Amino acid sequence: MGRQAYVNGRFVRHAEATVHIEDRGYQFADGVYEVVTLLAGSFVDEAGHLARLKHSLEELRIAMPVSDAVLKLLMAELIRRNNIRNGYLYLQITRGVAPRDFKFPKKTRSALVMTTRRQSFSPSLSDDAGIKVASVPDIRWARRDIKSIGLLAQVLAKQNATEAGAFEAWMVDSDGFVTEGASSNAWILTKNGVLVTRQADHSVLHGITGNSIEYLARELGVKVERRPFTLAEAFEAREAFITSATTFCLPVIEIDGRTVANGHPGELTCNLRQHYFDYGQKRQDRPFAWPK
Ligand code: PDD
């Protein structure tokens, strides 16, 4: 049947997968999503992604369209049908289809859509593999802990970064602190060897990859501090990197045209990337509790 997608109860040809024009995701961005990595045939941090999905849905009072167990079966079935061992699964749940009206509709069933993408990953990085970052003001709403499909601010941030020759945008709040990347979490390793990333409150998305990276860093004996940091602090950092399901742990070597971390992927960054791969291949599904 070729590439397949899942749309509201059916596996369909990807090219023919469509949703209704009055889906509230299309009209109001009234929905949430997850991106889960597939490594060597298994999902990485599936429990964490499903815990965050539940958090996002609960905060917006959108019902889970299927049980956890059924969702897991559907995810596995889509991967099987597309014959993918390495890549991503994209999953989106909206409040469903209803005549356009801002308040919640009374009887609408939430809508579930899933797609997959094939991608190969490498644990090791060449010496010139670091990415460039461009800073932009963070103009998003106040509930960034919800993985909303309303991503216009991130679209603009990424476009700005691309036009500046950078791979990622680091968004900066009105107090001058970095919140996170447009589609990743932002990290620095200070000169004193402390790993710093923003605390997981409403100001950022609580990254599932970053959560595991923190766990692995602590296992390596690295001190981790969850607090805001400025661009000035990042310019002075020993290392800098981003984390996300699509990039794992990727070194940053330039911010706003200024070289950081000697312009090369840092030792701890590369180490954590390798560890995350090993973890992904061997220890998937570490139990995950959503932080309260
Ligand atoms: N983005 N912060 C933001 C704003 C993100 O969009 C993402 C992920 C992350 C990292 O979260 P995780 O480690 O759970 O992937 C942080 C996904 C990959 C995306 O939108 O494609």
Side-chain angles (χ1 to χ4, degrees), residues 37 121-138 154 157-158 160-173 175-200 203-280:
T37 300
F121 308 107
S122 166
S124 56
L125 292 171
S126 62
D127 206 36
D128 58 357
I131 60 157
K132 297 177 183 178
V133 159
S135 68
V136 295
D138 197 336
Q154 284 98 313
K158 277 273 204 224
N160 271 331
T162 305
E163 287 170 12
F167 175 82
E168 178 61 303
W170 274 10
M171 298 180 286
V172 179
D173 70 15
D175 296 321
F177 292 104
V178 173
T179 50
E180 59 187 326
S183 63
S184 59
N185 290 110
W187 299 72
I188 56 168
L189 178 69
T190 67
K191 286 258 177 329
N192 300 332
V194 180
L195 203 48
V196 180
T197 194
R198 189 145 175 142
Q199 67 281 5
S203 67
V204 290
L205 185 75
H206 183 37
I208 302 304
T209 316
N211 187 71
S212 293
I213 288 287
E214 177 177 353
Y215 170 84
L216 295 170
R218 288 188 196 280
E219 267 198 345
L220 291 174
V222 178
K223 188 172 173 213
V224 183
E225 267 178 23
R226 284 205 170 252
R227 61 163 174 85
F229 64 86
T230 59
L231 285 174
E233 210 180 341
F235 292 142
E236 298 302 317
R238 193 194 292 175
E239 297 183 25
F241 61 86
I242 61 168
T243 57
S244 78
T246 48
T247 57
F248 300 129
C249 177
L250 205 54
V252 172
I253 51 153
E254 196 181 294
I255 303 172
D256 289 344
R258 290 176 61 161
T259 300
V260 293
N262 301 328
H264 299 287
E267 195 187 328
L268 179 67
T269 310
C270 293
N271 213 350
L272 286 171
R273 184 178 173 87
Q274 180 68 57
H275 273 75
Y276 188 73
F277 264 83
D278 296 344
Y279 158 82

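If you read the sequence from its start, that first residue is 1, and numbering goes on from there. Any value given below was found using the heavy atoms of this structure, including those in side chains, with hydrogens, waters and symmetry copies removed. Keep in mind the model is a prediction, meaning the values are calculated, not measured.
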Validation row: [X], [Y] side chains within 4.5 angstrom (heavy atoms):
| X | Y | answer |
| --- | --- | --- |
| L272 | L220 | yes |
| R218 | K223 | no |
| T247 | F167 | yes |
| V172 | D138 | no |
| S183 | E168 | yes |
| T197 | E214 | no |

To check you understand the geometry: which heavy-atom pair defines the closest contact between [X] and [Y], and what is its length?
| X | Y | result |
| --- | --- | --- |
| I188 | A237 | CB-CB, 3.9 Å |
| A157 | A169 | O-CB, 3.4 Å |
| P228 | Q199 | CD-OE1, 3.3 Å |
| I255 | F235 | O-CE2, 3.5 Å |
| T243 | G210 | OG1-CA, 3.6 Å |
| V224 | A217 | CG2-CB, 4.1 Å |

Just by modelled atom types, is the [Y] backbone N or O under 3.5 Å from a matching donor or acceptor in the [X] side chain?
| X | Y | value |
| --- | --- | --- |
| R273 | C249 | yes |
| S135 | W170 | no |
| E236 | K191 | no |
| T259 | N262 | no |
| E239 | P251 | no |

E225 atom CD, neighbour heavy-atom count above 12 within 6.0 Å: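 Enclosed: over 12 neighbouring heavy atoms sit under 6.0 Å from CD of E225.
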To the nearest 0.5 angstrom, please state how far the [atom1] atom of [X] sits from the [atom2] atom of [Y].
| X | Y | atom1 | atom2 | answer |
| --- | --- | --- | --- | --- |
| I208 | I213 | CD1 | CD1 | 12.5 Å |
| F248 | S122 | CZ | OG | 10.0 Å |
| T37 | Y276 | OG1 | OH | 6.0 Å |

When R198, M171, R227 are each screened for side chain to side chain contact (heavy atoms under 4.5 Å, CB included) with F177, the one that passes is R198
